[in-house]
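Okay, so here's the structure we're looking at.
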There are 2 protein chains.
Amino acid sequence: MASEIKENSTNTFNLRVLAASCEVNEILEVIAKRWKMQILFSISKDVNQFSLLKKAFPAISDQVLGKRLGELLTEGLIDKTIVENTCPFQVVYSATEKGQALLVIIHELHLWGKKKWDTIS
Amino acid sequence: MASEIKENSTNTFNLRVLAASCEVNEILEVIAKRWKMQILFSISKDVNQFSLLKKAFPAISDQVLGKRLGELLTEGLIDKTIVENTCPFQVVYSATEKGQALLVIIHELHLWGKKKWDTIS
DNA sequence: CCGCATCCCTTTGGATACTG
DNA sequence: CAGTATCCAAAGGGATGCGG
């Protein structure tokens with residue numbers, strides 16, 4: 001098992017070592033993916049459809065947006081709802097309780113950044 | 001200016017757009033570098049020398065450790081002190097107030113992870 | 001309208017070797 | 001002991017184009 005990981009990549013191996021020694025890094029790797037928290041935040045503010053998100057972030061590409069939405073879904077940070085009786089069909093996302101709890105901490109991070117980076121230094 | 005950025009890399013351009021639109025991402029890019037928060041945390045727990053950190057994280061390479069220490073220094077999250085009267089000379093790091101404030105939030109992140117990932121799912 | 005597959009480029013981290 | 005320089009491999013994101 002260990003040798004199998006090693007064969008794949010030392011990088012991957014280090015990730016496992018790290019994950020085992022400290023769960024924080026797992027969380028950081030989850031939330032730090034680019035655009036991810038912006039997307040989560042936007043969804044919580046009712047920018048909750050693929051096309052709306054595309055308009056909100058013109059610089060993000062489709063497949064990254066799709067990938068992030070998929071990650072957020074599998075991590076249980078957002079829910080996906082398909083609106084019936086629409087053609088072409090419509091998809092609406094919403095932040096879960098878990099996702100909203102995360103946003104609270106993200107907001108604290110933002111405050112930390114504002115406080116420590118702008119005023120003091 | 002914008003065209004100059006564009007020429008360099010669309011990726012870089014997007015980073016600028018993102019940075020302008022939301023400071024949170026800047027912070028995430030700062031704290032999410034691999035090993036970084038572990039290093040900061042370890043330093044706050046008096047694992048505060050290059051060699052000690054190497055022992056604490058056998059899987060990390062020298063130059064990444066050095067790079068992270070440099071980043072933490074320039075960001076004002078840690079301080080560097082050279083111990084006099086030692087040969088070979090010795091370097092001791094310590095977490096700044098700013099760094100410790102960050103660790104508080106990182107700890108909340110950890111708690112969020114434990115609470116939301118383990119018990120519910 | 002909502003995405004995914006493919007290809008390519010940029011970024012990042014690791015290995016080895018070297019300096020003060 | 002405390003790093004730095006160079007080179008290289010892996011991962012992540014973007015552009016284009018296609019499918020449901």
Side-chain angles (χ1 to χ4, degrees), chain A residues 5-18 25 28-36 38-39 43 47-74 78 80-93, chain B residues 5-18 25 28-36 38-39 43 47-74 78 80-93:
Chain A
I5 296 172
K6 183 79 176 190
E7 280 168 15
N8 282 339
S9 152
T10 309
N11 192 16
T12 304
F13 176 71
N14 282 339
L15 278 177
R16 310 268 170 119
V17 171
L18 180 55
N25 224 72
L28 287 174
E29 298 218 351
V30 165
I31 70 173
K33 294 289 179 71
R34 202 186 296 177
W35 312 102
K36 202 162 179 179
Q38 272 75 15
I39 293 171
I43 289 174
V47 183
N48 55 7
Q49 298 180 37
F50 201 92
S51 53
L52 292 176
L53 288 165
K54 280 186 64 170
K55 267 185 287 187
F57 302 102
I60 191 174
S61 60
D62 286 14
Q63 75 283 30
V64 170
L65 178 53
K67 193 188 288 182
R68 292 291 169 267
L69 287 171
E71 291 168 1
L72 288 167
L73 277 170
T74 58
I78 60 174
K80 178 178 184 173
T81 309
I82 299 181
V83 181
E84 306 286 350
N85 309 324
T86 55
C87 182
F89 69 93
Q90 213 174 2
V91 175
V92 172
Y93 296 97
Chain B
I5 296 172
K6 183 79 177 191
E7 280 167 17
N8 283 338
S9 151
T10 308
N11 194 16
T12 304
F13 176 71
N14 282 340
L15 279 176
R16 309 267 171 120
V17 171
L18 182 55
N25 224 73
L28 288 174
E29 298 216 355
V30 166
I31 69 172
K33 293 289 179 70
R34 203 188 295 177
W35 311 102
K36 201 161 179 180
Q38 274 75 15
I39 293 171
I43 289 174
V47 182
N48 54 6
Q49 297 178 39
F50 201 93
S51 55
L52 292 177
L53 288 165
K54 279 186 64 169
K55 267 185 285 186
F57 303 101
I60 191 173
S61 61
D62 286 13
Q63 75 281 30
V64 170
L65 178 54
K67 193 188 289 183
R68 293 288 169 271
L69 288 171
E71 292 167 0
L72 288 166
L73 277 170
T74 58
I78 61 175
K80 178 177 185 172
T81 310
I82 298 181
V83 180
E84 307 287 350
N85 310 324
T86 54
C87 183
F89 69 92
Q90 214 174 1
V91 174
V92 172
Y93 297 96

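Letters go in sequence order (proteins before strands), and every chain restarts at 1. No hydrogens, no waters, no symmetry mates; every other heavy atom, side chains included, goes into these values.
- Taking only side-chain nitrogens and oxygens, A:R34 never comes nearer than 4.0 Å to OP1 or OP2 of C:dT11.
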When you compare the protein's N or O atoms with those of nucleotides 1-4 of chain D, which come within less than 3.5 Å of each other, and at what distance?
{"residue": "D:dA2", "atom": "OP1", "partner": "B:Q49", "partner atom": "OE1", "Å": "3.4"}
{"residue": "D:dA2", "atom": "OP1", "partner": "B:V91", "partner atom": "N", "Å": "3.3"}
{"residue": "D:dA2", "atom": "OP2", "partner": "B:S51", "partner atom": "N", "Å": "3.2"}
{"residue": "D:dA2", "atom": "OP2", "partner": "B:S51", "partner atom": "OG", "Å": "3.0"}
{"residue": "D:dG3", "atom": "OP1", "partner": "B:K80", "partner atom": "NZ", "Å": "2.9"}
{"residue": "D:dG3", "atom": "OP1", "partner": "B:Y93", "partner atom": "OH", "Å": "3.3"}
{"residue": "D:dG3", "atom": "OP2", "partner": "B:Y93", "partner atom": "OH", "Å": "2.3"}

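- With rounding to whole Å, A:L65 atom CG is found 18 Å from D:dG12 atom P.
- Taking CD of B:Q63 as the start and CZ of B:R68 as the end, the distance is 10.0 Å to the nearest 0.5 Å.
- Separating the CZ atom of B:F57 from the P atom of C:dG13 is a distance of 15 Å, rounded to the nearest angstrom.
- Distance, A:N25 CG to C:dT12 P: 16 Å, rounded to whole Å.
- Following rounding to the nearest Å, A:N48 (CG) and C:dC1 (P) show an atom-to-atom distance of 15 Å.
- In this structure, B:E71 places its CD atom 12 Å from C1' of C:dG13, rounding to the nearest Å.
- Within the 3.5 Å criterion, the main-chain N or O of A:V30 finds a donor-acceptor partner in the side chain of A:K36.
- As rounded to whole Å, 10 Å separates atom P of C:dC4 from atom CG of A:L73.
- Put simply, the side chain of A:L69 reaches to within 4.5 Å of the side chain of A:I43, judged on heavy atoms.
- A straight line from CG of B:L28 to P of D:dG13 spans 13 Å, rounded to a whole angstrom.
- For the atom pair NZ (A:K67) and CD1 (A:I60), the distance works out to 10.5 Å, reported to the nearest 0.5 Å.
- In this structure, B:I31 CD1 and A:I31 CD1 are separated by 5.5 Å, a value rounded to the nearest 0.5 Å.
- The CG atom of A:L65 lies 10.0 Å from the CH2 atom of A:W35; values are rounded to the nearest 0.5 Å.
- In this structure, A:E84 atom CD and C:dC2 atom C1' are separated by 15 Å, rounded to whole Å.
- Distances shown here put a side-chain N or O of A:W35 below 4.0 Å from the OP1 or OP2 atom of D:dG14.
- Panel note: side chain A:R34, backbone B:E29; no donor-acceptor pair is recorded below 3.5 Å.
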Report the C-alpha separation of A:I78 and A:I39 in whole Å, then their side-chain angles, then the decisive distance to 0.1 Å, and conclude whether the side-chain contact (heavy atoms from CB on, under 4.5 Å) test is met.
-> CA-CA 10 Å; A:I78 60 174; A:I39 293 171; over 6 Å; no

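- A side-chain contact (heavy atoms from CB on, under 4.5 Å) with B:Q49 is found for exactly one of B:V47, B:L53, B:L52, namely B:L52.
- For the helix from C:dC1-D:dG20 to C:dG20-D:dC1, the axis fitted to the five pairs at one end and the axis fitted to the five pairs at the other end meet at an angle of 50° (nearest 10 degrees).
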